[in-house]
Amino acid sequence: MEENKNINHSNENGVNDTTDVSSVSKTEKPQNKNAKPQGKFNRNSKGNAKRNDVVKEFDEKIIKISRITKVVKGGKRMRFSALVVIGDHKGRFAYGLGKSNEVPDAIKKAISSANKDLHKVTLVKGTITHPIYGKFGATSVLLRPAPEGTGLVAGGAVRAILELTGVKNVYSKIYGSRTQSNVVKATIDALDNLKSYPQILKNRYGKTLKASENSAKEDKKAN
């Protein structure tokens with residue numbers, strides 16, 4: 001059975017006046033589900049929005065993470081080393097090696113050391129300018145230009161470096177030791193020794209590209 005709850009109100013004359021609670025209309029405020037929380041720490045503030053809009057200048061790839069154990073008096077000390085390659089897909093690339101007690105810290109150190117030693121290479125139609133050998137220690141890496149549509153005929157550390165550099169078509173071959181750190185350094189040695197057409201003109205003949213074009217036009221007119 002439903003019980004009616006009554007509230008007694010006494011007026012000035014002493015007469016009890018009863019009112020039914022169920023008859024009283026309650027006005028509830030509409031709740032807005034999309035309302036932003038008010039306060040000092042608002043996650044949707046402008047500062048956080050600007051922070052999320054920051055675009056990375058370089059992409060990175062982890063080549064190798066290894067565990068290092070050092071035997072000392074009283075036990076062993078374990079650390080981690082990370083080999084990371086970075087690049088902007090526009091000809092700039094670098095590699096870095098970081099060591100720390102934790103893997104994330106080792107990766108951060110590797111990326112920061114890579115940013116301090118950037119390399120740049122000139123690409124022509126998505127490939128390298130000429131065949132080249134790169135060597136480091138007992139490792140040799142051969143890179144050869146390839147026509148458009150060939151893709152990257154490479155694997156492992158060589159492929160990671162070429163992708164981040166922006167090379168789209170190339171042939172490659174590794175000779176000798178296949179230690180990943182040596183392969184990375186040999187590949188970078190090969191890319192650093194690449195020369196463009198204007199550089200060859202300047203080194204061999206002491207001419208610039210515009211001067212050689214003008215001399216070629218004069219020879220055609222003379223003939």
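Worth knowing before you read on, the calculation uses all heavy atoms, side chains too, and leaves out hydrogens, waters and symmetry mates.
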Identify the heavy atoms of [X] and [Y] that sit nearest to each other, and give their distance.
{"X": "A146", "Y": "V170", "value": "CB-N, 3.7 Å"}
{"X": "H89", "Y": "D59", "value": "NE2-OD2, 3.0 Å"}
{"X": "N182", "Y": "S177", "value": "ND2-OG, 4.3 Å"}
{"X": "G96", "Y": "S113", "value": "CA-OG, 3.4 Å"}

Query raised in the report: Picking from L164, L118, I111, what satisfies side chain to side chain contact (heavy atoms under 4.5 Å, CB included) with F58?
Result: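 Among the candidates, only L118 passes.
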Requested in this report: Look at the rings of F93 and H119 and say which category their plane angle falls in: under 30° parallel, 30 to 60° tilted, over 60° perpendicular.
Outcome: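 If you compare the ring of F93 with that of H119, the planes turn out parallel.
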Query raised in the report: Side chains of K99 and I68: closer than 4.5 Å at any heavy-atom pair?
Result: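 Answer yes - side chains close enough.
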Report task. For the residue pair L143 and Y171, establish whether any side-chain heavy-atom pair is separated by less than 4.5 Å. Result ->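 Contact flag for L143/Y171 side chains = no.
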Query raised in the report: Do NZ/NE/NH1/NH2 and the carboxylate oxygens of E57 and R92 come within less than 4.0 Å?
Result: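 Answer for the salt bridge query: yes.
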Query raised in the report: Any ion pair linking K61 and E163 (charged N to carboxylate O, less than 4.0 Å)?
Result: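 Salt bridge flag = yes for K61 with E163.
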Requested in this report: Give the intermediate values and the outcome of side-chain hydrogen bond (donor to acceptor under 3.5 Å, both in side chains) for residues S81 and S66.
Outcome: CA-CA 5 Å; S81 68; S66 57; 2.5 Å; yes
Requested in this report: Please check if L83 and V85 belong to a single hydrophobic cluster, counting links between Ile, Leu, Val, Met, Phe, Trp and Tyr side chain heavy atoms closer than 4.5 Å.
Outcome: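 Yes, it is one cluster - the side chains of L83 and V85 are joined through contacts under 4.5 Å.
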